Protein chains: 2
Amino acid sequence: MRRGLEFKKKARIILVDDNYEHLSGIKELIEIESDFDVVATATSASVAVSLIKKYRPEIVLMDINMPEKDGLTAIAEIEKLDLGVRIIALTGYDDPDLIFRAMKIGAKGYILKTMASAQLIYAIDEVAAGKIYLPATLSSRFFEYFQKSFKEETQSIPDEENLLNDLTQREEEVLDLLTQGITYKGVAQKLFISETTVKTHVNNIFQKLQVNDRTQAVLYALNNGFLNRRKVKIAI
Amino acid sequence: MRRGLEFKKKARIILVDDNYEHLSGIKELIEIESDFDVVATATSASVAVSLIKKYRPEIVLMDINMPEKDGLTAIAEIEKLDLGVRIIALTGYDDPDLIFRAMKIGAKGYILKTMASAQLIYAIDEVAAGKIYLPATLSSRFFEYFQKSFKEETQSIPDEENLLNDLTQREEEVLDLLTQGITYKGVAQKLFISETTVKTHVNNIFQKLQVNDRTQAVLYALNNGFLNRRKVKIAI
DNA sequence: ACGGATTTAGTCCATATGGTCTAGAAACAG
DNA sequence: CTGTTTCTAGACCATATGGACTAAATCCGT
């Protein structure tokens with residue numbers, strides 16, 4: 001930034017929108033109102049992907065609602081290529097789920113088609129400068145959705161009625177080992193107790209968790225917290 | 001908004017900061033520069049919680065870096081009470097991890113102490129109006145962190161070397177049912193095949209996933225995606 | 001149409017797991 | 001100090017699971 005515009009290479013942009021009218025409108029806008037270089041346009045996600053591979057643009061403006069391969073899938077695909085392309089998602093609607101998913105898979109910005117053209121240019125500017133840009137209203141929507149997801153996740157374990165709390169210390173240890181896929185014999189060795197003792201503990205665990213087998217106990221443990229918070233995957 | 005200020009009840013605020021100087025400074029600022037009503041202040045998280053229970057304010061301004069019970073824990077605690085209190089986090093640093101965790105547990109805003117007082121007032125305004133407010137710079141930081149977390153999660157399954165890809169369609173179905181804690185007999189019934197067939201599939205699954213029993217197969221499936229993306233817990 | 005992969009299903013056998021009970025030692029709370 | 005809980009461990013038995021085969025029917029691609 002300090003160096004001023006004279007050293008800044010014009011960022012190269014590829015536009016993707018299944019609506020051709022829109023496409024040329026945006027292209028014109030960018031070329032007139034900004035300093036960016038629209039190197040290519042595409043009206044389908046699959047074409048877009050090959051164009052991106054060829055031109056290696058800095059920025060991609062991607063319409064999300066497209067038929068056949070939808071925009072989100074396309075974004076995921078492009079991100080996976082890891083070309084350093086910075087993608088800005090573009091839609092007509094401010095559906096929080098869409099916003100969330102787009103940002104989750106790596107979109108660097110999200111703009112509505114209804115927004116003023118100045119805002120579009122500003123967003124591209126910010127994203128080209130390495131930032132992530134979400135207009136305040138969309139950001140607000142995003143966070144509401146984000147927090148709701150988390151709240152549902154966490155309040156689903158009201159601490160009471162979480163049967164894991166009924167387990168004794170030793171039982172927790174045993175269950176912990178079970179959630180690592182260790183056999184009874186293995187548990188016995190790890191805890192320096194006999195295998196029959198392990199079986200006793202396990203049976204008590206089953207009763208307390210109201211399940212009938214090891215797999216169900218492990219699943220209960222994983223889905224209801226406490227144990228094994230380590231590797232569990234994200235999957236909103 | 002349309003109704004104008006004359007119908008707007010003055011939002012009641014509680015301030016929490018272990019630094020008394022800061023506390024009175026902010027209090028003064030709010031009382032002079034805004035329309036809000038500072039009903040109480042606290043210099044510790046535990047006192048804050050009881051004050052909040054007593055006064056039921058609309059807004060809480062909470063300093064995050066405090067000794068003993070830290071601000072994040074306090075926020076989580078207050079959110080759990082579900083009093084409809086909207087909490088704005090306040091710190092000196094723009095540590096993305098702090099921002100992420102604060103927003104995750106339900107903070108409705110996040111402001112730096114170094115920000116202009118006008119911005120503080122604006123944030124309170126927005127949050128009081130029911131929105132979630134993050135200044136653009138912090139929002140940007142948040143998203144970088146957010147996307148990095150996700151990328152690490154997903155790229156940890158490089159698609160190749162994910163043994164789940166070796167499974168046939170039917171094997172996937174079987175494994176899917178296993179990850180629901182269903183017994184072989186149950187799987188057989190659900191898929192309308194004999195139990196021995198299920199066993200055959202299961203044995204093939206074991207070989208392909210290089211595991212020795214059902215539990216390990218289920219754990220592999222849960223930890224390496226594809227199946228059962230439903231209930232799996234969040235745990236960044 | 002041929003060959004490989006997939007899905008189905010069986011046998012045989014060993015071992016692990018699950019259910020129920022009893023029971024002693026140790027730890028702990030009132 | 002006494003009753004309760006926890007941890008330990010055993011017996012006994014039924015059933016589920018896992019391993020190693022064989023094999024037929026079907027599907028799929030070239």
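Proteins come first, then strands; the chains are lettered A, B, ... in the order of their sequence lines, and each starts at number 1. Computed from a prediction, not measured in an experiment: that's the story for all the values here.
D/dT17 atom C1' lies 12 Å from atom OH of A/Tyr184, rounded to whole Å. If you take CD of A/Glu195 and P of D/dA9, they are 12 Å apart, rounded to a whole angstrom. Between B/Asp213 atom CG and C/dT17 atom C1' the separation is 11 Å, expressed in whole Å. Between the C1' atom of D/dT17 and the CG atom of B/Asn212 lies a distance of 12 Å, rounded to the nearest Å. Distance CD1 (A/Ile205) to C1' (D/dT6): 13 Å, rounded to an integer number of Å.
Of all nucleotides listed (D/dA9, D/dG19, C/dG18), D/dA9 comes nearest to the side chain of A/Thr196. Residue B/Ser194 has its side chain nearest to C/dA9 when only C/dA9, D/dT17, C/dT20 are considered. Nearest nucleotide to the B/Lys199 side chain, out of C/dT17, D/dA16, D/dG19: D/dG19.
Checked for salt-bridge contact, A/Asp17 and A/Lys113 meet the test: a charged N lies under 4.0 Å from a carboxylate O. Using a 4.0 Å cut-off between a side-chain N of Lys or Arg and a carboxylate O of Asp or Glu, B/Arg141 and B/Asp95 do not qualify as a salt bridge.
If you find the closest nucleotide of DNA chain C to B/Phe192 and to B/Arg214, the one lying nearer the 5' end belongs to B/Phe192. For the pair A/Gln207 and A/Ile182, nearest-nucleotide mapping onto DNA chain C gives the more 5' position to A/Ile182.
Panel note: side chain B/Glu171, backbone B/Val202; no donor-acceptor pair is recorded below 3.5 Å. Listed for the A/Ser44 side chain is a donor-acceptor partner under 3.5 Å among the backbone atoms of A/Val47.
Between C/dA16 and A/Lys185, a contact under 4.0 Å exists linking OP1 or OP2 to a side-chain N or O. In terms of phosphate contacts, A/Asn203 brings no side-chain nitrogen or oxygen within less than 4.0 Å of OP1 or OP2 of C/dG18. Distances shown here put a side-chain N or O of B/Thr183 below 4.0 Å from the OP1 or OP2 atom of D/dT17.
In plain terms, the two heavy atoms of A/Arg12 and A/Glu58 that are nearest each other are N-OE1, 2.7 Å.
Atom CD of A/Glu31 is surrounded by more than 12 heavy atoms from other residues, nucleotides or ligands within 6.0 Å.
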Inset, instruction - Assess whether side-chain hydrogen bond (donor to acceptor under 3.5 Å, both in side chains) is satisfied between B/Thr41 and B/Tyr20, documenting all intermediate values. - result: CA-CA 9 Å; B/Thr41 63; B/Tyr20 191 76; over 6 Å; no
Legend entry - Evaluation steps, salt bridge (Lys or Arg N to Asp or Glu O under 4.0 Å), between A/Glu79 and A/Lys108: CA-CA 11 Å; A/Glu79 284 295 330; A/Lys108 299 297 181 295; 3.7 Å; yes
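For the residue pair A/Thr197/A/Thr200, the side-chain donor-acceptor check at 3.5 Å is not satisfied.
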Listed pairs, N/O of protein and of nucleotides 23-30 of chain C, under 3.5 Å:
none

Dump the pairs, protein N or O against N or O of nucleotides 4-7 of chain C, anything under 3.5 Å, distances to one decimal.
from  : atom 1 : to       : atom 2 : distance (Å)
C/dT7 : OP1    : B/Arg170 : N      : 3.2
C/dT7 : OP2    : B/Thr168 : OG1    : 2.3

